[in-house]
Amino acid sequence: MPAPNTSEKTSQLSARIQALPQPFAAITAYDYPSARLADEAGIEVILVGDSVGMVVAGMEDTTGVTMEQMCYHTEIVCRGVNHAIVVADLPIHSYDTPEMSVENGHRLMAAGADAVKLEGGLGQIDKVAAMVAADIPVVGHLGMLPQRVREEGGYKKKGKTQTEATALLEAAVALAEAGVLMIVLESVLADSADPITDALSIPTIGIGSGRNCSAQIRVWHDVVGAYPWFVPPFAKTYTHAAEQIREALSNYRRELL
Ligand code: KIV
């Protein structure tokens, strides 16, 4: 039997991404029903985000999320998906070296992901290159990096100065040249996000980064109003699931009295 082409998965996924409509929609999902509902709604990309730590596990931020948790959530999300491309987040400290990136990237792929996502720019090029060489499709993430929220002292808008905008553009180009297939732009000023989208031949996926990215991504709980205790300023809530659930639960309780 011939040896498998080492970039088979990456080129197949690249072709699937190229065939997506623009703009396309991406959303996070963390379990079977949320993933299946998103897939049935025709959402093109599903991210098993490490935001699972916040909106599912009630943590303060994403810095406590582990590889074991990400593998579990990736597995149960993939069980609900028939069409969408599933991207899984590499959690903090799971990609500190190129070797760790490859090992943990393979674990998320074995759990069913089509691609893995890491946060950061020029400092991650060697990790991206190592994963691409190992045929692990990679998605980048620039702008506000939630895994660095503690060092940053909060969730801050990025690309506010010309220097920051230029650095973001350089990082995006370097990530694309290293082989990432898409780049999430989080909380980047639209005026700084637009030139990145214009410069790249791969899609940008915006969250709080203006309307002109190639795609948009939102957190599942923000879209359906399932996490009413904190809603980011850029989130639009399309229904109020938490209120409906509260009402259903108190009706259930009342009927028993
Ligand atoms: O973990 C996550 O939900 C994300 C999105 C905010 C893009 O990375």
Side-chain angles (χ1 to χ4, degrees), residues 17 23-31 34-35 38 43-67 69-74 76-77 84-95 104-105 108 111 113-121 124 128 138-150 152 154-159 168 171-172 175 180-188 193 196-197 202-210 213-224 226-227 230-237:
I17 291 168
F24 62 85
I27 196 164
T28 64
Y30 313 101
D31 58 16
S34 61
I43 306 274
E44 285 92 354
V45 173
I46 292 179
L47 171 70
V48 190
D50 58 0
S51 49
V52 67
M54 299 168 77
V55 294
V56 173
M59 296 172 181
E60 198 179 319
D61 54 44
T62 63
T63 63
V65 176
T66 64
M67 263 310 289
Q69 291 163 355
M70 289 309 302
C71 286
Y72 172 71
H73 286 283
T74 301
I76 61 177
V77 159
I85 293 168
V86 177
V87 180
D89 265 341
L90 282 160
I92 190 166
H93 297 317
S94 69
Y95 54 99
N104 289 317
L108 291 175
D114 294 307
V116 304
K117 174 165 81 62
L118 49 62
E119 295 184 7
Q124 310 297 14
V128 172
V138 187
V139 174
H141 184 147
L142 292 171
M144 172 58 212
L145 306 178
Q147 292 174 6
R148 301 212 191 135
V149 65
R150 295 189 179 195
E152 298 246 335
Y155 294 91
K156 301 199 173 134
K157 203 85 187 165
K158 297 293 172 173
L168 281 169
L175 283 171
V180 303
L181 298 179
M182 306 187 270
I183 300 181
V184 169
L185 297 178
E186 179 163 354
S187 292
V188 176
I196 298 177
T197 303
I202 56 165
T204 55
I205 310 181
I207 175 162
S209 300
C213 293
S214 326
Q216 294 291 330
I217 183 161
R218 296 293 181 268
V219 169
W220 200 91
H221 291 64
D222 295 341
V223 171
V224 303
Y227 194 88
F230 173 72
V231 182
F234 49 76
K236 180 173 168 192
T237 300

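As the structure lists them, so they are numbered: ligands from 1, and atoms in each ligand from 1. These figures come from a predicted structure and were not determined experimentally.
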For [X], what residues pass the side-chain contact (heavy atoms from CB on, under 4.5 Å) criterion, not counting sequence neighbours?
{"X": "V86", "answer": "V48, V77, C78, V81, D114"}
{"X": "F234", "answer": "S187, I207, P232"}
{"X": "A26", "answer": "V45, I205, I217"}

Look at the rings of H221 and Y227 and say which category their plane angle falls in: under 30° parallel, 30 to 60° tilted, over 60° perpendicular.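 Perpendicular, since the angle between the ring planes exceeds 60°.
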If you round to the nearest 0.5 Å, how far is CD of E119 from CD of E186?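 So the CD of E186 and the CD of E119 are separated by 7.5 Å.
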Within a strict 4.5 Å, meaning less than it, do heavy atoms of the I46 and W220 side chains meet?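 A side-chain contact under 4.5 Å is absent here.
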Could you go through ligand 1 and list every pair where one of its N or O atoms sits under 3.5 Å from a protein N or O, giving the atom names and the distance to one decimal?
residue  : atom  : partner : partner atom : Å
ligand 1 : 1 (O) : D50     : N            : 3.2
ligand 1 : 1 (O) : D50     : OD1          : 3.1
ligand 1 : 1 (O) : S51     : N            : 3.1
ligand 1 : 1 (O) : S51     : OG           : 3.2
ligand 1 : 1 (O) : D89     : OD2          : 3.1
ligand 1 : 3 (O) : S51     : OG           : 2.5
ligand 1 : 8 (O) : K117    : NZ           : 2.9

